[in-house]
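Remarks on the structure that follows.
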Amino acid sequence: DSGVTQTPKHLITATGQRVTLRCSPRSGDLSVYWYQQSLDQGLQFLIQYYNGEERAKGNILERFSAQQFPDLHSELNLSSLELGDSALYFCASSERQGNYNGELFFGEGSRLTVL
Amino acid sequence: AQKVTQAQTEISVVEKEDVTLDCVYETRDTTYYLFWYKQPPSGELVFLIRRNSFDEQNEISGRYSWNFQKSTSSFNFTITASQVVDSAVYFCALSYLSGSARQLTFGSGTQLTVLP
């Protein structure tokens, strides 16, 4: 158990809809990362938040957005969903103050299926 | 550019064989970290090992061993006496500094199938 909690574990929705994925980082971790894993793209970095502020952006579509709240949990919002958005979405956390060594702790992922 | 290459897309071995998964990385950083993660069929990412760029000692943990060679920018992973439970996708990853943020970039993964 990594200590990172993601909900929901599975989600099935239709094209054009909007969904929200939730992530609670490990206790004490300030950074949250979102990754997308689709069959043909591997693990792609989407976005990182650190202590409530966006820190880095990867290959995140404009239809997607994220935020990190004061209690450090994060949400990834996916809108105008397309079939190609079907993927496993991972959240990871890191950077307990003064103890960062490059390792990310991953949640179990949220599997999104767009029909 | 910061990049990880896992040239082996799929490997299939018979139980008890040894198998080596290759990982080659590119980075301009002098301080970086390398990782291996395992993703079993259930989908979660399981951390296996972390190496920093200043520590080239090879490591052995049970049936797993890692060979880090900065001269060839490689961080290869060997499973000795493979078992069916080792069947999974294995990812090599590189952690590097991008501005003020540390980023983790993954290779494309190697699907290992261990046959009974």
Side-chain angles (χ1 to χ4, degrees), chain A residues 1-6 8-11 23 26 29-51 53-60 68 86-96 99-113, chain B residues 1-10 21 23-25 27 29-55 59 66 68 75 88-111:
Chain A
D1 184 0
S2 67
V4 178
T5 304
Q6 286 188 250
K9 284 191 171 31
H10 299 276
L11 190 54
C23 170
R26 287 191 321 160
D29 281 357
L30 300 175
S31 263
V32 168
Y33 300 72
W34 287 97
Y35 283 82
Q36 178 193 54
Q37 185 181 27
S38 50
L39 277 176
D40 56 347
Q41 293 286 327
L43 273 156
Q44 299 288 317
F45 168 66
L46 295 178
I47 198 164
Q48 179 200 0
Y49 279 82
Y50 177 81
N51 206 17
E53 293 190 5
E54 183 184 304
R55 202 179 211 187
K57 224 169 188 176
N59 301 320
I60 188 166
Q68 187 179 28
S86 295
L88 190 52
Y89 291 84
F90 284 104
C91 169
S93 74
S94 73
E95 292 187 60
R96 279 178 182 160
N99 192 30
Y100 182 62
N101 55 21
E103 180 179 349
L104 298 189
F105 296 85
F106 283 85
E108 293 185 351
S110 292
R111 186 171 295 280
L112 173 66
T113 302
Chain B
Q2 322 283 353
K3 189 180 171 183
V4 177
T5 301
Q6 294 180 256
Q8 304 150 308
T9 307
E10 295 180 26
L21 309 182
C23 172
V24 174
Y25 63 92
T27 181
D29 290 0
T30 53
T31 301
Y32 53 90
Y33 299 86
L34 294 162
F35 299 82
W36 276 95
Y37 285 87
K38 173 182 178 179
Q39 187 176 38
S42 49
E44 74 273 21
L45 283 165
V46 178
F47 165 79
L48 295 177
I49 190 171
R50 175 189 63 251
R51 256 289 172 269
N52 74 51
S53 51
F54 298 109
D55 182 2
E59 181 155 338
W66 291 269
F68 176 29
F75 186 43
V89 180
Y90 290 84
F91 291 95
C92 181
L94 166 69
S95 175
Y96 61 93
L97 207 55
S98 175
S100 62
R102 187 158 281 282
Q103 295 301 313
L104 188 68
T105 189
F106 287 84
S108 54
T110 298
Q111 169 74 61

Heavy-atom distance under 4.5 Å between the side chains of A:Gln37 and B:Val89, does that happen here? no
side-chain contact (heavy atoms from CB on, under 4.5 Å) filter on B:Lys3, not counting sequence neighbours, yields B:Thr5, B:Glu26
When every non-hydrogen atom of A:Phe90 is compared with those of B:Gln39, the smallest separation belongs to CZ-NE2, 3.5 Å
Side chain to side chain contact (heavy atoms under 4.5 Å, CB included) partner of B:Leu104, the single match among A:Phe45, A:Tyr35, A:Tyr33: A:Tyr35
May I ask you to test the A:Leu104-B:Leu45 pair for a side-chain heavy-atom distance under 4.5 Å? no
Among residues at least two apart in sequence or on other chains, which ones pass side-chain contact (heavy atoms from CB on, under 4.5 Å) with B:Thr105? B:Val4, B:Leu94, B:Tyr96
Go through the atoms of B:Tyr37 and report whether side chain, backbone, both or neither lie under 4.5 Å from a heavy atom of chain A. side chain
Exercise: identify the closest heavy-atom pair between B:Gln103 and A:Gln48: NE2-OE1, 3.0 Å
